[in-house]
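To start, the structure under review is shown below, and the notes come after it.
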2 protein chains.
Amino acid sequence: MASMAKKTHRIERRSDALSRERIIAAAIEILDRGGEGALTVRALAAHLATGSGAIYWHVADKNELLATATDDIIARVVSEVAGGARPREAIRAVALGVFDAIDAHPWVGAQLFREPWRPATLEIVESVGSRLKALGVPEAALFDSASALVHYILGVAGQNAANARLVAPGTDRSVFLAGVAGKWAALDPAKYPFVRQMATQLRDHDDRAQFLAGVDLILAGIATAQA
Amino acid sequence: MASMAKKTHRIERRSDALSRERIIAAAIEILDRGGEGALTVRALAAHLATGSGAIYWHVADKNELLATATDDIIARVVSEVAGGARPREAIRAVALGVFDAIDAHPWVGAQLFREPWRPATLEIVESVGSRLKALGVPEAALFDSASALVHYILGVAGQNAANARLVAPGTDRSVFLAGVAGKWAALDPAKYPFVRQMATQLRDHDDRAQFLAGVDLILAGIATAQA
DNA sequence: ACCTGAACACCGTTCAAGT
DNA sequence: ACCTGAACACCGTTCAAGT
């Protein structure tokens, strides 16, 4: 290359130069450490040792930042599900993957409800839907079946995200659930007999196992429509 | 009354005096008209012809305002379900009631994920759970069954709430869904074959009927666990 | 091309001062 | 007891000015 003669070293970027990727990685770090409220453009700029305006050279706005960060995390989850897995197991794996991702990155839970044409949503719908098809769900029932399963997964994700917002970042889910159980147990038995009755189970239950039980319940319902 | 003698008219409050109830009613009006973004303390104060500080005399903060407004709307929905209805029909009626409430007040959808000890959540869990019990779901399966059903209902509510945020307030859901269908149809067939295939159905489908189909699917799954 | 950081137009909330 | 509205401590975003 002719230009090499001019100077011995290439005009290289600072190794810590800003980039879309670095900004998103930093955003994820801040979100994981401090929760949704901790991600401000100023905090992000400080973390990257730059001015707040610099962020806007690489990403359109804060919304895009959150959406892209979510896409990154969900893409990782979905791609990690073994391609060779049997359809039913693959669906369970995707569902659990999303569940665990929200446990690790609670702020993702709220983001999953944003624009349904973004990769995060598409990946989940595609991976669940294609497996339902492989499972032999008839064409006519596919859309409703996939919709039910995905909305259930999103519902749990949203609830866990919201719950995480109510405690200090990093707090175990079971601590929060025990607190809710206490409040449920103290309710008026005349007004909320069922909720009160569930309080004990809420305290002791494994909510991850319960989540999977819900997936199985919906899969069972889908199967009855086939028979 | 002795004090009546002092003055002919009682020292009565201005008929438009502030009250918790009036503030919440005004908040609901603003939220319905302009969406979540329109509710600011300043806008609320202006609407009530008062200072912003006056709001804080009656409610603790904006969060309480949104939570109470949500409780009001959900309580209305649940109480409107006929007490004499057969359990299965009652569950469907509650689910549809929540669905329609979010259609009328999209901002409610996001609020349903907040504190699970608030009336809004309790009313839904209680009304669904007690009906599942009446339906003969065994004790051991009750908690998982109610959890699955409620999380599905909340998932759809959250999605519809988020969708509504993406269009001008008052826009019909079908207009938005047609837009999503267009974006889904344009996806890479190699990457998203299933989603693409669903695009046509997304454009033409009745999402309210689909929501109910999901409820039925889960009820069918719950029934299989009983047999 | 990329970065800086002051400035702008907002927020929710507080609180001294009024009635 | 209830209300006022300026003030405070924040936001996200823009943009002239720098390199």
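Here is the naming used below: chain letters follow the sequence lines, and residue numbers restart at 1 for every chain.
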Quick check on DNA chain D: between Ala54(A) and Val41(A), whose nearest nucleotide comes earlier from the 5' end?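 Between the two, 5'-proximity favours Val41(A).
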For the backbone of [Y] and the side chain of [X], can you confirm whether one donor and one acceptor N or O come within less than 3.5 Å of each other?
X: Arg92(B); Y: Leu212(B); result: no
X: Tyr152(B); Y: Phe211(B); result: yes
X: Ser79(A); Y: Ala75(A); result: yes

Which atoms form the tightest heavy-atom contact between Ile24(B) and Asp72(B), and what is the distance?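 In terms of heavy atoms, the two residues are closest at CG2-OD2, 3.8 Å.
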Kindly give the heavy-atom pair with the smallest separation between Ser127(B) and Val78(B), and that separation in Å.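 Looks like CB-CG1, 3.8 Å.
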Select one nucleotide: of [options], the one nearest the side-chain heavy atoms of [X].
X: Arg42(A); options: dC11(D), dT14(C), dT14(D); answer: dC11(D)
X: Ala17(A); options: dC3(C), dC3(D), dT14(C); answer: dC3(C)
X: Tyr56(A); options: dT13(D), dC3(C), dG12(C); answer: dT13(D)
X: Ser52(B); options: dG12(D), dA1(C), dA6(D); answer: dA6(D)

How is Leu44(A) classified with respect to the nucleic acid when contacts are heavy atoms under 4.0 Å: base, sugar-phosphate, or nothing?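 Leu44(A): no heavy atom of the nucleic acid under 4.0 Å.
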What nucleic acid atoms does Ile55(B) come within less than 4.0 Å of, heavy atoms only: base, sugar-phosphate, or nothing?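 The residue Ile55(B) makes no contact with any strand.
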Measure from [atom1] on [X] to [atom2] on [N] and round the result to the nearest Å.
X: His58(B); N: dA1(D); atom1: NE2; atom2: C1'; result: 10 Å
X: Lys62(A); N: dC11(D); atom1: NZ; atom2: P; result: 9 Å
X: Arg20(A); N: dC2(C); atom1: CZ; atom2: P; result: 14 Å
X: Leu18(A); N: dA1(C); atom1: CG; atom2: C1'; result: 13 Å
X: Ile23(A); N: dC2(C); atom1: CD1; atom2: C1'; result: 11 Å
X: Leu65(B); N: dT13(C); atom1: CG; atom2: P; result: 10 Å

Return the pairing partner of dA7(C) with a 3.5 Å limit on both distances, Watson-Crick or G-U wobble; otherwise return none.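 Pair assignment: dA7(C) / dT13(D).
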Would you mind pulling out the nucleotide paired to dA1(C), Watson-Crick or G-U wobble, both distances under 3.5 Å?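 dA1(C) is paired, partner dT19(D).
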Under 4.0 Å from OP1 or OP2 of dC3(D): is there any side-chain N or O of Trp57(B) that close?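 No, Trp57(B) has no side-chain N/O under 4.0 Å of OP1/OP2 on dC3(D).
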